[in-house]
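Below you'll find the structure, written out as structure tokens, and then a few comments.
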There are 2 protein chains.
Amino acid sequence: MADKVTSQDVAARAGVSRSAVSRVFTPGASVSDATAKKVRLAAEQLGYRPNVLARSLLTGRSRMVGLVVGYLDNHFYPGLLEQLCQVLDTEGVNVLMFLAEDAEANLDQVVNDLLDYQVDGLVLASVTLGSTLATRCEAIGVPVVELNRSDGGQGLHVVSDNEMGGVMAVEHLIAQGRRRIGHIAGWEGASTQRAREAGALSALRKAGLGLYAREVGNFDKEQARDATRRMFNDAEARPDAVFVANDFMAFHVIDVLRYELGLTVPKDVAVIGFDDVPTAAFAAYELTTIRQDLDAMVRHTAELLMGRETSSRMITPSLVVRSTCGAT
Amino acid sequence: MADKVTSQDVAARAGVSRSAVSRVFTPGASVSDATAKKVRLAAEQLGYRPNVLARSLLTGRSRMVGLVVGYLDNHFYPGLLEQLCQVLDTEGVNVLMFLAEDAEANLDQVVNDLLDYQVDGLVLASVTLGSTLATRCEAIGVPVVELNRSDGGQGLHVVSDNEMGGVMAVEHLIAQGRRRIGHIAGWEGASTQRAREAGALSALRKAGLGLYAREVGNFDKEQARDATRRMFNDAEARPDAVFVANDFMAFHVIDVLRYELGLTVPKDVAVIGFDDVPTAAFAAYELTTIRQDLDAMVRHTAELLMGRETSSRMITPSLVVRSTCGAT
DNA sequence: CTGAAAGCGCTTACAG
DNA sequence: CTGAAAGCGCTTACAG
């Protein structure tokens, strides 16, 4: 194992000081062309690359952002991760990943770990920070942005206008002639869930309707299936439409409706989801859904992290019509 | 913004030296209970946490591993990422993410970036490193393991026995009575593709058959769809089965077969995929496939990174029978 | 433009 | 068990 080559080595070979070497690798520092040339040559020959960690110790900036995400099963999150990596890459910052499986449970532990790495910022996808830690992050000047969650009224958050999305979903169902509209909810602790449902309820109210049925799927595969079974077990009085709180659950809802209960979508029951993950466009589903503008969400998140923006934002979602909500 | 609290601050408050503070936070160092207690109390009160970056400078270990992955659309990779994060977390190491969209193109750049962060190891999921960089990584003692790719005969790699998988796939098709077997290939530059196809061919040969049709889908959604259209455009002479190089393409192949060409799966044509991603189990697909043992792959990768294992490994895949390959 | 010096926050032999 | 000292690899005022 070769010795690590340091700025000292490069300096020696180039016949300059370490300061000079450092300047050559610091954009905007003042070095003569001659010096720069000598240094770059020596660095090249030696295979020298600055140690980012050592630099961070001095500058106080690590050029890393911590991302904590609850789970990756819902393809919304890999998409988010992908976009975030790309956008941050253009800023020269990397993503330090953290999976908080049991979500809120050990989140404080996770965030502390991340903070120990001196991350320049934190993005919490679908998880919410306790106020103690939030205060601490603020104290040490680390911006934390909640993405797709907006519980703490305090901190920064970037979310879709989920309530508007709920309204759009139900209005579409009603426009298609549906009247017996059910809702399969996600985790009720999530602000996204509450807002989506609130929107749905207000659209129903406006139409002089109420929620025809309601079950909780907790954003979980099996629970969504069970919720569907319960909601449709009375063949006489079943809903003619269901607004599912996210696409991930909607696929399972459709599978149960079609392959277990023998119902036809959309003829017997219309289904609408939320997110517009890639699978929603698959011919086997052709899921009508409320699209979250991931691009705008991630872009604003990056601006917040970079400190070029300082306020939370609500992103406007849009209706994507596919075949699962055809007219009766 | 509060001043950062350092080990010096804690030492002062606890009335000990910085060395003592350091030892308290170094597992296995010798400190008296009394000292430890005083230090922990002071640290607690001050909200002190060791700076991992500073520590890394000394120890030469950053406790970060770089992961570069080509894309996340294929759900195989988010799954892999998830498992890797979990397993490495138990070792106290974090994952520094990097997306190499245009794959092999700027990979060297990406790897250099990662190396600048002093990562303790590198895992390349489905991408392959140029030999120059590979040598450099070896020189500086950074293990690099190729996961789900095994081109460089040199370095460490962890892959499924893809050839065996190809054999299993075709043997299953034959056992179901299929004889006109087509193959929709992935990217031919990938070792995984070549091995899977080689296995398929050898199983066909053994049965006295040849490949009935072949098209290239390049592991891409649209290309897979086009490949399917080309392969099935002659209604008289179409294959009665198709082995698709991965599940991600297989879903699109099935969609085209069913919804564009009006064929029935498996009655008209049997389909078998590779990977066993979660969507394969969805009722809308019920895709028969060759499962890669992600758990074993990730576990071995971690062992290699930790230096507890030193040799490459081939993991045995398994056949998962679902309804897309029913008998004729 | 350039170098000597101090210092980022921590760890680790070395004495005691 | 404990502290003083040196040092990890780099950057940044400060003089020149």
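Throughout, protein chains are lettered first and strands after them, A, B, ... in sequence-line order, and every chain is numbered starting at 1. Below, all heavy atoms of this structure are taken into account, side chains as well, without hydrogens, waters or symmetry copies.
- Salt bridge annotation for A/R299-A/D295: present, with a cationic side-chain nitrogen under 4.0 angstrom from a carboxylate oxygen.
- Taking every side-chain heavy atom of B/L58 into account, C/dG9 is the closest of D/dG3, D/dG9, C/dG9.
- Distances shown here put a side-chain N or O of B/S17 below 4.0 Å from the OP1 or OP2 atom of D/dG3.
- A heavy-atom distance below 4.5 Å is not found between the side chains of A/V277 and A/F248.
- Within residues 24-40 of chain B, the residues approached by DNA chain D to less than 4.0 Å at the level of any non-hydrogen atom are B/S30, B/V31, B/S32, B/T35, in residue-number order.
- Note that the OG atom of B/S160 and the CG atom of B/L294 stand 8.5 Å from one another [nearest 0.5 Å].
- Relative to the side chain of A/R23, the nucleotides D/dG9, C/dT12, C/dA4 differ in distance, and C/dA4 lies closest.
- Residue B/E91 forms a salt bridge (Lys or Arg N to Asp or Glu O under 4.0 Å) with just one option from B/R308, B/R61, B/R63, and that option is B/R308.
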Just do the side-chain contact (heavy atoms from CB on, under 4.5 Å) check on B/R49 and B/F25 with the steps written out, would you? CA-CA 9 Å; B/R49 305 216 96 219; B/F25 290 96; over 6 Å; no
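- One interatomic measurement links the two molecules: CD of A/Q8 to P of D/dG9, which rounds to 10 Å at whole-angstrom precision.
- Note on B/S22: a side-chain N or O is less than 4.0 Å away from OP1 or OP2 of C/dT11.
- For the residue pair B/Y77/B/N148, the side-chain donor-acceptor check at 3.5 Å is satisfied.
- Rounded to a whole angstrom, the distance from the C1' atom of C/dG16 to that of C/dT12 is 16 Å.
- Using a 4.5 Å heavy-atom cutoff, the side chains of A/L99 and A/L72 are in contact.
- Side chains of B/S22 and B/S19: no donor on one and acceptor on the other come within 3.5 Å.
- DNA chain D forms stems at C:1-3 with D:14-16, C:5-12 with D:5-12, C:14-16 with D:1-3, each a run of 3 or more consecutive Watson-Crick or G-U wobble pairs whose two key distances fall under 3.5 Å.
- Between B/R13 and B/V39, every side-chain heavy-atom pair lies at or beyond the 4.5 Å cut-off.
- C/dA13 and C/dG9: their P atoms are spaced 23 Å apart (whole Å).
- A straight line from CG of A/L57 to C1' of D/dT12 spans 14 Å, rounded to a whole angstrom.
- The stretch residues 44-56 of chain A touches DNA chain D through A/Y48, A/R49, A/P50, A/N51, A/A54, A/R55, each having a heavy atom under 4.0 angstrom from the strand.
- A donor N or O paired with an acceptor N or O is found under 3.5 Å between the base of C/dT12 and the side-chain atoms of B/S19.
- Using a 4.5 Å heavy-atom cutoff, the side chains of A/L122 and A/P143 are not in contact.
- Counting heavy atoms from C-beta on, the side chains of B/L114 and B/L96 come closer than 4.5 Å.
- Rounded to a whole Å, the CG atom of B/D9 is 11 Å from the P atom of C/dC8.
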